[in-house]
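I have placed the structure first, in the form of structure tokens, so that the comments after it can refer back to it.
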Amino acid sequence: MMIDGSLVMVPWRVLPTRARTMVRATLIEHATFPTLNADLRALRRRRPIPSVPRVVVGAVHGIRPWRRYWAWKQSRYAQMLDASLLLVVGHHFLVLDRPDEVAAAIDAIRPGPGDGGQ
């Protein structure tokens, strides 16, 4: 399950905590996407995705054009992974904004007693 994650570094002191964290995370993500994408594609050529449930959980918020664009990007990602897509209204730190929906998504793909689960 991919849940709208990011890499957060030491925050800037001149901005409010949430704003500086978001700016830093956004800059880092956008700088690393091309390399991560190439690495993932190379890995998938060597090792296919295992036959397990796959879900892309994307946070959507903001003005309509941005929401529509981000939903499209997430749907393309889900398509690439042959995963289901769950769009949740929330911000980038989805596990903090909407823990109930994230937990429900995890529960939905967790193996049950008949599937080798506990």
Side-chain angles (χ1 to χ4, degrees):
M1 175 173 289
M2 172 55 123
I3 305 173
D4 220 45
S6 70
L7 171 64
V8 178
M9 297 175 61
V10 177
W12 297 329
R13 301 281 181 228
V14 296
L15 297 172
T17 302
R18 187 172 180 109
R20 63 185 173 215
T21 302
M22 291 299 295
V23 169
R24 177 69 59 110
T26 300
L27 291 172
I28 290 168
E29 284 181 66
H30 286 275
T32 59
F33 279 153
T35 301
L36 291 174
N37 188 39
D39 289 349
L40 179 59
R41 288 180 184 273
L43 174 67
R44 288 299 162 231
R45 281 192 294 274
R46 292 189 314 273
R47 298 187 63 135
I49 296 174
S51 181
V52 296
R54 292 180 291 273
V55 178
V56 171
V57 180
V60 291
H61 70 282
I63 60 174
R64 188 182 315 221
W66 172 252
R67 284 193 316 259
R68 205 175 292 154
Y69 170 75
W70 193 248
W72 174 78
K73 292 284 282 181
Q74 296 299 303
S75 69
R76 295 268 313 210
Y77 187 55
Q79 201 172 33
M80 182 184 81
L81 297 173
D82 193 24
S84 61
L85 174 64
L86 174 62
L87 296 176
V88 177
V89 176
H91 295 282
H92 193 61
F93 296 106
L94 196 55
V95 294
L96 296 176
D97 290 343
R98 302 304 299 259
D100 53 336
E101 293 194 44
V102 171
I106 292 169
D107 284 344
I109 65 167
R110 212 168 105 197
D115 299 324
Q118 296 179 358

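These numbers were taken from a predicted model, which means no experiment stands behind them.
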Output the distance between atom CE (M80) and atom CZ (R44), rounded to the nearest 0.5 Å. 8.5 Å
May I ask whether V52 and V56 are part of the same hydrophobic cluster, defined by side-chain heavy atoms of I, L, V, M, F, W, Y residues being less than 4.5 angstrom apart, directly or through others? no
Nearest heavy-atom pair of L85 and A78: which atoms, and what distance? CB-CB, 4.0 Å
L81 versus R54, closest heavy-atom pair with distance: O-NE, 2.6 Å
Close side-chain approach of D39 and T35, heavy atoms under 4.5 Å: yes
Just wondering, are more than 12 heavy atoms of other shown residues or ligands nearer than 6.0 Å to CZ in R76? no
Are the side chains of L94 and V57 in contact, using a 4.5 Å heavy-atom criterion? yes
Relative to each other, are the rings of W66 and W70 parallel, tilted or perpendicular (30° and 60° limits)? parallel
Tightest non-hydrogen contact, residues R98 and G90, listed as CG-CA, 4.4 Å
